[in-house]
Amino acid sequence: MPTIDRFGGIKINVYNGDHLPPHIHVVYNEHEALLVIKNGKVYAGSLPPKQMKLAQAWLELNNQWALTIFFELNPTLK
């Protein structure tokens with residue numbers, strides 16, 4: 001589970017051997033949410049509102065990079 005970024009107590013992870021849709025795992029303390037890379041929508045889990053806004057803003061800025069990493073770690077899903 002490579003951590004691709006950290007900020008404000010938030011970790012952004014991308015797993016190898018994962019599943020579609022392409023997503024990131026956002027971890028903050030005991031909370032975890034999966035956000036769809038394409039649109040930033042919550043696929044599963046939850047975060048406190050402030051951290052959710054930060055994670056979605058991060059994803060908006062790093063969308064293409066996150067998608068590239070997701071498919072590098074999960075090449076059979078292309």
Side-chain angles (χ1 to χ4, degrees):
M1 124 179 85
T3 297
I4 62 171
D5 205 355
R6 293 174 194 251
F7 56 92
I10 296 170
K11 287 183 3 180
I12 307 292
N13 298 325
V14 178
Y15 298 170
N16 62 335
D18 218 337
H19 55 84
L20 294 174
H23 61 280
I24 58 172
H25 294 252
V26 183
V27 179
Y28 177 74
N29 294 334
E30 70 276 6
H31 304 279
E32 182 174 1
L34 280 63
L35 301 183
V36 177
I37 293 173
K38 182 171 109 175
N39 56 23
K41 293 191 180 193
V42 178
Y43 178 75
S46 65
L47 295 170
K50 178 182 176 182
Q51 285 70 29
M52 181 63 76
K53 286 181 185 178
L54 288 170
Q56 288 172 324
W58 179 94
L59 187 55
E60 190 173 325
L61 292 172
N62 295 283
N63 187 283
Q64 191 57 48
W65 181 59
L67 194 60
T68 298
I69 291 171
F70 181 87
F71 284 118
E72 283 177 0
L73 292 173
N74 298 283
T76 62
L77 298 179
K78 282 187 178 180

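The first residue in the sequence is number 1, and the count goes up from there. Hydrogens, waters and symmetry mates are skipped; everything else that's a heavy atom, side chains included, is used.
The aromatic rings of His25 and Tyr15 lie parallel to each other, with less than 30° between the two planes, well short of the 60° mark. Ring planes of His19 and Tyr43: tilted class, angle from 30 to 60°.
The two residues Ala55 and Val26 come nearest to each other via the heavy atoms CB-CG1, 3.7 Å. In terms of heavy atoms, Val27 sits closest to Asn29 at CG1-O, 4.0 Å. Nearest heavy atoms, Leu20 versus Pro22: CD2-CD, 3.8 Å. Pairing each heavy atom of Pro75 with each of Glu72, the nearest pair is CD-O, 3.7 Å. The nearest pair of heavy atoms linking Gly9 to Tyr28 is O-CD1, 3.4 Å. Considering every non-hydrogen atom in both Ser46 and Ala33, the closest pair reads N-CB, 3.8 Å.
How far CG of Leu59 is from CG of Asn39: 8.5 Å, rounded to the nearest 0.5 Å. Asn62 contributes atom CG, which lies 8.5 Å from atom CD1 of Ile12 (distance to the nearest 0.5 angstrom).
Asn74 contributes a side-chain N or O that, together with a main-chain N or O of Asp18, makes up a donor-acceptor pair within less than 3.5 Å.
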CA sep, side-chain torsions, deciding dist, call: Met52, Leu35, side chain to side chain contact (heavy atoms under 4.5 Å, CB included): CA-CA 10 Å; Met52 181 63 76; Leu35 301 183; 3.8 Å; yes
Stepwise side chain to side chain contact (heavy atoms under 4.5 Å, CB included) test for Ile24 and Leu34: CA-CA 6 Å; Ile24 58 172; Leu34 280 63; over 6 Å; no
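Follow the hydrophobic side-chain contacts under 4.5 Å out from Val36 and you never reach Val42; the two are in separate clusters.
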